4 protein chains.
Amino acid sequence: MINKVTLVGRLGADPEIRTLGSGVMVAKFSVATSESYKDRSGQWQEETQWHDVVVWRNLAERAQTYLRKGSMIYLDGKLTHRKWQDKDGNPRRTTEVVGAFFRVLDGKRDGNDDGNDDYAAAPESPAERTHTERSGQDRQLEAEEDLPF
Amino acid sequence: MINKVTLVGRLGADPEIRTLGSGVMVAKFSVATSESYKDRSGQWQEETQWHDVVVWRNLAERAQTYLRKGSMIYLDGKLTHRKWQDKDGNPRRTTEVVGAFFRVLDGKRDGNDDGNDDYAAAPESPAERTHTERSGQDRQLEAEEDLPF
Amino acid sequence: MINKVTLVGRLGADPEIRTLGSGVMVAKFSVATSESYKDRSGQWQEETQWHDVVVWRNLAERAQTYLRKGSMIYLDGKLTHRKWQDKDGNPRRTTEVVGAFFRVLDGKRDGNDDGNDDYAAAPESPAERTHTERSGQDRQLEAEEDLPF
Amino acid sequence: MINKVTLVGRLGADPEIRTLGSGVMVAKFSVATSESYKDRSGQWQEETQWHDVVVWRNLAERAQTYLRKGSMIYLDGKLTHRKWQDKDGNPRRTTEVVGAFFRVLDGKRDGNDDGNDDYAAAPESPAERTHTERSGQDRQLEAEEDLPF
DNA sequence: TTTT
DNA sequence: TTTT
């Protein structure tokens with residue numbers, strides 16, 4: 001079974017970062033993807049979707065370091081749904097994209113008017129999957145040993 | 001901006017089909033994707049996500065023809081969110097995958113105990129994107145004309 | 001059966017554009033994707049893959065208009081392989097990504113030293129799939145008619 | 001930069017398995033993806049692409065265990081190109097999909113006439129990414145601790 | 001070289 | 001609500 005989401009879009013705000021009691025770091029942020037289309041009167045319309053994204057651990061650290069309001073990112077992950085009850089006991093459902101990987105495609109676009117600019121913009125900074133380093137090893141092995149095929 | 005979802009999973013029920021006043025056909029169905037993981041006591045756990053899917057027009061017709069409870073499909077599309085208000089005026093949000101393409105990977109597996117079996121199972125039946133036929137023309141042209149490169 | 005390729009990378013040169021005798025337009029270009037990894041001595045290495053891409057018709061026109069050496073694009077398409085014979089009669093195989101969709105993620109990065117700058121940079125310009133406009137209609141219908149669910 | 005390939009198709013033969021001197025296991029196999037289209041005379045044509053796939057380490061072990069001629073799999077990975085020289089010193093290029101993940105969508109369909117059937121068919125067996133188990137931990141943490149949002 |  |  002496969003469950004994959006790919007987004008390229010911009011953050012609507014800086015990520016919210018939390019550290020759980022266990023020391024695990026979590027980051028949450030919203031990503032906007034926009035699409036243009038012509039309506040029936042021939043006018044171009046733009047429709048924006050805001051996606052709630054959650055990332056954990058290393059990705060959360062990297063989100064804290066590299067992502068800001070306006071950052072354009074590539075992100076992939078999976079689509080998850082959680083059920084819960086509101087204060088009136090009504091069943092509610094929340095959908096989030098749990099990120100498995102992201103990469104900054106450029107820095108934030110618009111000015112950051114809160115004066116908080118003391119961070120590395122880090123365009124194209126890697127926030128790789130865990131297995132990337134192993135991939136590097138594979139590549140090494142490919143280069144060093146006679147390939148058996 | 002990119003917004004893509006890829007699912008491989010099974011339908012929890014037959015698609016619900018409706019035709020709008022305009023004659024446009026819509027189909028809705030749920031797709032389950034499951035993932036296995038070991039919990040902290042070393043036991044294998046399975047976690048299932050149920051995704052709400054909507055398809056329009058030709059895809060809705062093909063959903064009506066080819067999809068049934070239990071069908072395993074590959075589907076891709078985009079992630080959409082709609083806001084609405086419940087009867088108490090509270091803001092609510094609904095998330096759906098709007099399908100752009102699907103393909104049946106096998107027919108439903110178990111017996112259909114309601115006796116309603118008068119349809120083609122059509123595993124691997126194509127429910128192609130609109131531009132597939134043009135793709136075919138492209139291929140033809142590639143075959144027929146001297147490639148300019 | 002599914003065959004999909006997704007690339008985010010930069011063009012190594014302006015697209016080569018040709019028009020076939022039939023009037024069909026074709027564009028070819030190379031897209032670089034780079035990946036960083038640590039080698040066994042702990043040094044960061046970068047490995048770049050160059051992918052041959054072909055796009056047809058509307059996409060070729062849009063490639064001509066919007067893509068230049070250095071453009072960063074998102075592209076998806078399918079992986080195709082062709083067999084042919086070289087002048088010595090040896091069998092050869094060529095692999096190309098046939099693009100189905102692309103989007104410019106930013107303009108070209110480095111300076112264009114040939115003085116040829118008389119084109120719109122068109123960051124984020126749409127080079128949509130054929131069915132996008134229908135998608136727009138769907139959205140309209142969703143907005144205008146009572147949803148049957 | 002992003003470089004991803006997604007295939008759903010069938011193996012043309014059993015995987016070739018090798019173990020390098022370093023003890024690293026490698027598996028190679030071909031995956032067919034087919035597409036149907038109408039030619040200009042209105043006839044349905046089928047076009048098949050054969051993709052060369054390589055998987056390493058754990059995935060190679062799982063390929064050896066679970067994949068056979070005829071197996072239908074979902075696979076994702078990246079597109080890689082290697083340059084080499086043929087015996088006449090001519091430059092040649094080989095393209096392979098380096099798999100990062102695969103899943104068997106069904107077992108091989110037809111009988112295995114060589115009598116070699118002493119393996120688990122394992123449809124839907126997991127051949128997960130390295131980070132899956134961590135994902136499980138994340139899920140646990142989500143369930144156990146108060147979510148900070 | 002798969003499969004329907 | 002699917003499936004193994």
Side-chain angles (χ1 to χ4, degrees), chain A residues 1-3 81 83 91 93 149, chain B residues 7-16 28-37 44-53 63 66-75 102-114 120-127, chain C residues 1-3 81 83 91 93 149, chain D residues 7-16 28-37 44-53 63 66-75 102-114 120-127:
Chain A
M1 253 90 158
I2 303 299
N3 169 4
H81 316 279
K83 278 178 181 143
R93 196 187 195 225
F149 301 102
Chain B
L7 302 176
V8 175
R10 292 190 186 275
L11 274 74
D14 290 356
E16 292 180 60
K28 272 194 145 190
F29 49 93
S30 289
V31 172
T33 58
S34 303
E35 203 181 354
S36 296
Y37 64 98
W44 278 99
Q45 301 292 341
E46 190 175 71
E47 189 173 86
T48 297
Q49 297 288 339
W50 285 99
H51 310 280
D52 289 338
V53 177
Y66 296 121
L67 299 186
R68 288 297 178 274
K69 175 179 176 173
S71 299
M72 184 162 78
I73 64 169
Y74 171 102
L75 178 135
F102 70 81
R103 180 178 290 278
V104 182
L105 295 178
D106 67 8
K108 61 182 179 57
R109 194 161 290 186
D110 53 16
N112 193 341
D113 47 17
D114 62 0
E124 298 291 322
S125 62
Chain C
M1 254 91 157
I2 303 299
N3 169 2
H81 316 279
K83 280 180 178 140
R93 197 185 194 223
F149 302 100
Chain D
L7 303 174
V8 176
R10 291 191 187 276
L11 273 73
D14 290 356
E16 291 179 61
K28 275 194 139 189
F29 49 92
S30 288
V31 172
T33 59
S34 302
E35 204 182 356
S36 296
Y37 63 97
W44 279 99
Q45 301 292 342
E46 189 175 72
E47 190 173 87
T48 296
Q49 298 287 340
W50 286 98
H51 310 280
D52 290 336
V53 177
Y66 296 123
L67 300 186
R68 289 295 179 275
K69 175 178 177 175
S71 299
M72 185 162 77
I73 63 169
Y74 171 101
L75 179 135
F102 70 80
R103 181 177 288 279
V104 182
L105 296 177
D106 68 8
K108 62 185 179 55
R109 195 160 290 185
D110 54 13
N112 195 340
D113 46 17
D114 62 1
E124 297 290 324
S125 61

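The figures that follow rest on heavy atoms only: side chains count, while hydrogens, waters and symmetry mates do not. Given the structure is predicted, the values throughout are model-derived calculations rather than measurements. Numbered from 1 within each chain, the chains take letters A, B, ... in sequence-line order.
Taking OH from D:Y74 and CD1 from A:I2, the interatomic distance works out to 4.5 Å, rounded to the nearest 0.5 Å. Taking CD of D:E16 as the reference point, atom CG of D:D14 lies at 10.0 Å (rounded to 0.5 Å). In this structure, CG in D:L75 is found 10.5 Å from CG in D:L105, a value given to the nearest 0.5 Å.
The interatomic distance linking D:E47 (CD) with E:dT3 (C1') rounds to 16 Å, in whole Å. Distance, D:D14 CG to E:dT1 P: 15 Å, rounded to whole Å. As a whole-Å value, the separation of D:R10 CZ from E:dT1 P is 18 Å. Remark: C1' of F:dT2 and CG of B:L7 are 13 Å apart, rounded to the nearest angstrom. Whole-Å rounding puts the B:Y74 OH to E:dT3 C1' distance at 19 Å. B:M72 places its CE atom 10 Å from the P atom of F:dT4, with the value rounded to the nearest Å. Rounded to whole Å, atom P of F:dT2 lies 20 Å from atom CD of B:E35. One can place CG of D:L75 at 19 Å from P of E:dT2, the figure rounded to the nearest angstrom.
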Subject >> Criterion side chain to side chain contact (heavy atoms under 4.5 Å, CB included) on B:Y37 and B:E47, from CA distance to verdict >> reply: CA-CA 8 Å; B:Y37 64 98; B:E47 189 173 86; 3.9 Å; yes

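Nearest nucleotide to the B:W50 side chain, out of E:dT1, F:dT1, E:dT2: F:dT1. Considering only the side chain of D:S30, E:dT1 comes nearest among E:dT2, F:dT2, E:dT1.
Nearer to the 5' terminus of DNA chain F, by closest-nucleotide assignment, is the contact made by B:A13 (compared with the other of B:E46 and B:A13).
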